[in-house]
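Read through the structure below, which is laid out as structure tokens, and then see the notes.
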Amino acid sequence: MLRVRFAPSPTGFLHIGSARTFIFNWLYARRHGGAMILRIDDTDVERNTAQSLESIFEGLRWLDLGWDEQYRQSERLAFHRAMADAIFRKGLAYRDFTPAAGGDSEKSGAQGTWLFNPDMRELPREESDRRAAAGEPFALRFRVPRDPEREIRFTDLVYGPQAKSTADIEDFALLRSDGMPTYHLASCADDVDLRISHIVRGQDHITNTFKHVLIFEAAGADLPEFAHLPLLVAPDNTKLSKRRHGPVVSVTTYRDSGFLPHAFVNFLCLVGWSPKNDREQLSRQELIELFSFDGVHRSNAVVNFSEADPFDPKAVWLNAEAIRALDPAELSVLLLPVVRGAGFPIEPDYMARITPLVRERIRLLNDVLTVGDFFFRDELALYDVAELVPKKGDLALAGRVLEKAGETLAATEFSHDALEASLRGASQSLGIKAGQMFEPIRVAVCGRKTAPPLFSTLEVLGQSTSLRRIRQAIDKLHSPV
RNA sequence: GGCGCUAUCGUCUAACGGUUAGGACGGAGCCCUCUCAAGGCUUAAAUACGGGUUCGAUUCCCGUUAGCGCUACCA
């Protein structure tokens with residue numbers, strides 16, 4: 001049975017890189033009929049926060065992919081200690097009574113890799129037992145094979161054969177002096193116990209994997225398969241971090257900005273992986289069928305955001321495409337809470353009539369607020385009188401157009417075709433081009449020059465609102481502020 | 001510093017020894033058109049550098065450079 005896991009630690013929000021790791025795990029599990037396990041790696045009690053845990057769940061739920069089993073490492077401590085104990089009893093680990101070095105220690109100097117402290121590594125067992133029994137705190141360190149050195153090997157599903165000499169692996173900690181397991185121990189212990197068959201995680205773990213191989217070996221467990229994923233980086237090529245790059249690195253930002261979960265998942269899949277068939281817009285089912293580690297890249301991928309554009313243009317485009325692919329009725333249901341959330345108490349029926357007009361013009365759900373604001377607010381946002389002037393015209397022409405529009409619309413049925421017929425007729429009787437007729441009206445009712453098609457807009461806005469706004473525009477013309 | 005990983009248009013990527021180096025986003029231009037979108041068409045834009053191997057290298061090998069990661073009693 002194929003089993004994969006996603007193991008976030010609750011020390012921050014859900015990062016988009018983590019989200020992608022989750023997605024690839026999920027895809028691989030679904031592709032092969034395996035199980036997707038969510039494991040909260042919360043052994044760092046100092047840094048864990050409840051908010052972080054909540055934000056991770058929020059993000060994962062929004063992704064809408066789900067998982068099959070769920071665990072929390074902090075509930076499995078006894079099991080981790082048992083494995084540490086077993087390794088210790090085999091003589092493959094030793095107690096290190098050196099006081100914990102806070103911050104940066106002298107170990108990792110410019111001199112090279114710190115490997116071990118011989119005094120502790122070679123401490124006679126009786127003395128070690130005596131000091132432990134006396135209650136002296138100690139960390140448990142893995143006794144990395146030194147003599148002879150040997151190559152630790154594994155084959156990565158993405159990166160291929162990997163090897164590293166034990167001469168370059170330090171005696172890493174298994175247990176902290178407070179008795180808590182370290183990430184390395186807890187992770188491996190749980191991977192064994194949960195019978196994880198494939199470990200799929202970020203490439204930043206690739207060097208840790210050699211240590212893990214050592215642990216699996218010491219515990220007498222079979223080695224799982226490994227697949228490391230290239231990292232997501234910012235345009236400046238550095239690792240995405242909230243501190244440096246802001247909220248764009250958090251999954252909830254995408255949710256709150258009006259991304260559709262599926263479009264977002266689609267985007268993340270395309271960063272660092274390719275279906276190799278030139279297809280980009282992929283349904284969840286297609287993603288499952290097409291996913292393979294063969295298509296995973298080995299180099300870091302840039303998420304191309306900027307100050308001007310906070311989201312990767314491709315993510316935005318994918319989202320716009322997904323929005324347009326939605327049935328207007330479905331889209332309307334998604335748009336309603338966005339509009340209401342912004343403080344406009346509109347009715348579902350009204351939203352349903354607006355939706356077809358904004359559908360092709362919004363890239364994110366939240367764009368509805370700017371693209372369709374004149375549908376929601378009673379009073380238009382302030383605009384410059386000059387905006388009312390049509391092409392090749394002047395304020396006087398704007399005035400004549402609006403007066404004529406007022407008369408015409410007062411006597412016209414508010415349906416698309418009737419509006420078009422009478423407004424075109426009006427432009428003819430004024431002896432001007434249709435465009436010159438429409439422009440001032442558009443600005444008068446929408447408050448700006450770019451808006452959805454005029455007749456449909458008027459139809460949705462209705463006669464009284466339309467006439468009132470035209471009246472206000474005329475007033476504005478007479479008393480420019 | 002040590003160890004590891006990586007290197008194709010601005011970005012995401014295809015080409016797993018032989019292609020005019022392909023696609024997408026974004027950009028530019030044109031068309032459509034009541035504005036804006038959407039749509040259609042066109043276009044600019046890449047194999048980091050230097051050596052090999054080979055009849056032939058984006059592709060294989062070595063080196064250089066650059067970037068990233070690990071080097072915690074964080075994960």
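Protein chains get the first letters and strands the later ones, always in sequence-line order, with residue 1 at the start of each. Values below: all heavy atoms of this structure, side chains included; hydrogens, waters and symmetry mates excluded.
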| query | Roughly, in whole Å, what's the span from NE2 in A/His228 to C1' in B/rC5? | reply | 11 Å
Restricting to nitrogen or oxygen on both sides, can you table the protein-nucleotides 30-34 of chain B pairs closer than 3.5 Å?
residue, atom, partner, partner atom, Å
B/rC34, OP1, A/Arg424, NH2, 3.0
B/rC34, O2, A/Arg442, NH2, 2.2
B/rC34, N3, A/Leu454, N, 3.3

| query | Under 6.0 Å between the ring centres of A/Phe22 and A/Phe24? | reply | no
| For B/rG1, which nucleotide in any strand shown is its Watson-Crick or wobble partner with both distances under 3.5 Å? | B/rU71
| task | Verify the contact: side-chain N or O of A/Lys276 to OP1 or OP2 of B/rC12, cut-off strictly under 4.0 Å; return yes or no. | result | no
| task | Please report, rounded to the nearest Å, how far the C1' atom of B/rG69 is from the CG atom of A/Asp156. | result | 14 Å
| query | Which value, rounded to the nearest 0.5 Å, describes the distance between A/Arg359 atom CZ and A/Ile354 atom CD1? | reply | 15.0 Å
| So what does A/Gln73 touch, heavy atoms closer than 4.0 Å: a base, only the sugar-phosphate, or nothing? | nothing
| request: Kindly point out which of B/rU35, B/rG4, B/rC25 is positioned nearest to the side chain of A/Arg361? | output: B/rU35
| request: For A/His15 and B/rA75, give me the distance from atom NE2 to atom P, rounded to whole Å. | output: 18 Å
| query | B/rU6, B/rC3, B/rU13: which one has an atom nearest the side-chain heavy atoms of A/Tyr159? | reply | B/rU6
| field | Any A/His297 side-chain nitrogen or oxygen under 4.0 Å from OP1 or OP2 of B/rA14 | value | yes
| Ionic contact status for A/Asp171 with A/Arg146, cut-off 4.0 Å | yes
| said: Could you tell me the Watson-Crick or G-U partner of B/rA24, where both distances fall under 3.5 Å? Say none if there is no partner. | reply: B/rU11
| request: Pick base, sugar-phosphate or nothing for A/Gln436, based on heavy-atom distances below 4.0 Å to the nucleic acid. | output: nothing
| query | Roughly how many Å is it from CZ in A/Arg279 to C1' in B/rC25, rounded to a whole number? | reply | 16 Å
| remark: When A/Asp191, A/Leu157, A/Leu223, A/Asp156 are each screened for side chain to side chain contact (heavy atoms under 4.5 Å, CB included) with A/Ile199, the one that passes is A/Asp191
| When you check the gap from the basic side-chain N to the acidic O, do A/Glu170 and A/Lys211 get nearer than 4.0 Å? | yes
| Side chain proximity check, A/Ile40 to A/Asn48, heavy atoms < 4.5 angstrom | no
| query | How would you label the contact of A/Thr207 with the nucleic acid (heavy atoms, under 4.0 Å): base, sugar-phosphate, or nothing? | reply | base
| query | Once you round to the nearest 0.5 Å, how far does NE2 of A/His15 lie from OG1 of A/Thr21? | reply | 9.5 Å
| task | May I ask you to say what A/Lys433 touches in the nucleic acid, namely base, sugar-phosphate or nothing, with a heavy-atom cut-off under 4.0 Å? | result | nothing
| From A/Asn266, A/Asn319, A/Val265, residue fulfilling side chain to side chain contact (heavy atoms under 4.5 Å, CB included) relative to A/Leu260 | A/Asn319
| NA contact type, A/Thr450, heavy-atom cut-off 4.0 Å: base, sugar-phosphate, or nothing? | base
| query | Which base sits across from B/rC16 as a Watson-Crick or G-U pair, both distances under 3.5 Å? | reply | none
| said: Taking the basic N atoms (NZ, or NE/NH1/NH2) and the acidic carboxylate oxygens, is any pair closer than 4.0 Å for A/Asp236 and A/Arg244? | reply: yes
| request: Check the pair A/Glu321 / A/Arg324 against salt bridge (charged side-chain N to carboxylate O under 4.0 Å, His left out), numbers first and verdict last. | output: CA-CA 5 Å; A/Glu321 289 284 311; A/Arg324 290 193 284 268; 2.8 Å; yes
| field | Pair assignment for B/rC49, Watson-Crick or G-U wobble, requiring both distances under 3.5 Å | value | B/rG63
| task | Could you work out which one of B/rA37, B/rC70, B/rA14 sits closest to the side chain of A/Ser274? | result | B/rA14
Name the pairs: protein N/O against N/O of nucleotides 41-48 of chain B, kept only if under 3.5 Å.
none

| message | Just the rounded figure in Å: distance from P of B/rC73 to CG of A/Asn208. | response | 12 Å
| Would you call A/Val158 and A/His228 a side-chain contact if the rule is heavy atoms closer than 4.5 Å? | no
| request: Searching all strands shown, indicate the nucleotide that pairs with B/rU35 (Watson-Crick or G-U wobble; both distances under 3.5 Å). | output: none
| Is B/rC30 paired to anything, Watson-Crick or G-U wobble with both distances less than 3.5 Å, and if yes, which nucleotide? | B/rG40
| query | Does A/Thr43 put a side-chain nitrogen or oxygen below 4.0 Å from OP1 or OP2 of B/rA75? | reply | yes
| message | How many whole angstroms separate atom CG of A/Leu423 from atom P of B/rU35? | response | 14 Å
| request: Take atom CG of A/Leu232 and atom P of B/rG67, then tell me their distance rounded to the nearest Å. | output: 20 Å
| request: Please determine if A/Arg363 and A/Asp367 form a salt bridge, counting it only when a charged side-chain N lies under 4.0 Å from a carboxylate O. | output: yes
| field | Test log, rule ring-ring contact (aromatic ring centres under 6.0 Å, His included), inputs A/His205 and A/Tyr183 | value | CA-CA 11 Å; A/His205 284 295; A/Tyr183 159 71; 5.3 Å; yes
| query | If we take the P atom in both B/rG51 and B/rU58, what is their distance in whole Å? | reply | 14 Å
| message | Regarding A/Pro99, tell me which of base, sugar-phosphate or nothing describes its non-hydrogen contacts under 4.0 Å with the strands shown. | response | base
Sub-3.5 Å pairs of nitrogen or oxygen atoms, protein against nucleotides 22-24 of chain B:
residue, atom, partner, partner atom, Å
B/rG22, N2, A/Asp278, OD1, 3.2
B/rA24, O4', A/Glu280, OE2, 3.1
B/rA24, O2', A/Glu280, OE2, 2.2
B/rA24, N3, A/Lys314, NZ, 2.7

| said: Using whole Å, what does the distance between atom C1' of nucleotide B/rU71 and atom CD of A/Gln203 come to? | reply: 15 Å
| task | Report yes if the distance between the aromatic ring centroids of A/Phe259 and A/Phe267 is under 6.0 Å, otherwise no. | result | no
| task | Identify whether any heavy atom of A/Ala173 sits under 4.0 Å from a base atom; if not, whether one sits that close to sugar-phosphate; answer base, sugar-phosphate or nothing. | result | sugar-phosphate
| field | Pairing nucleotide - B/rU54, Watson-Crick or G-U, each distance under 3.5 Å | value | none
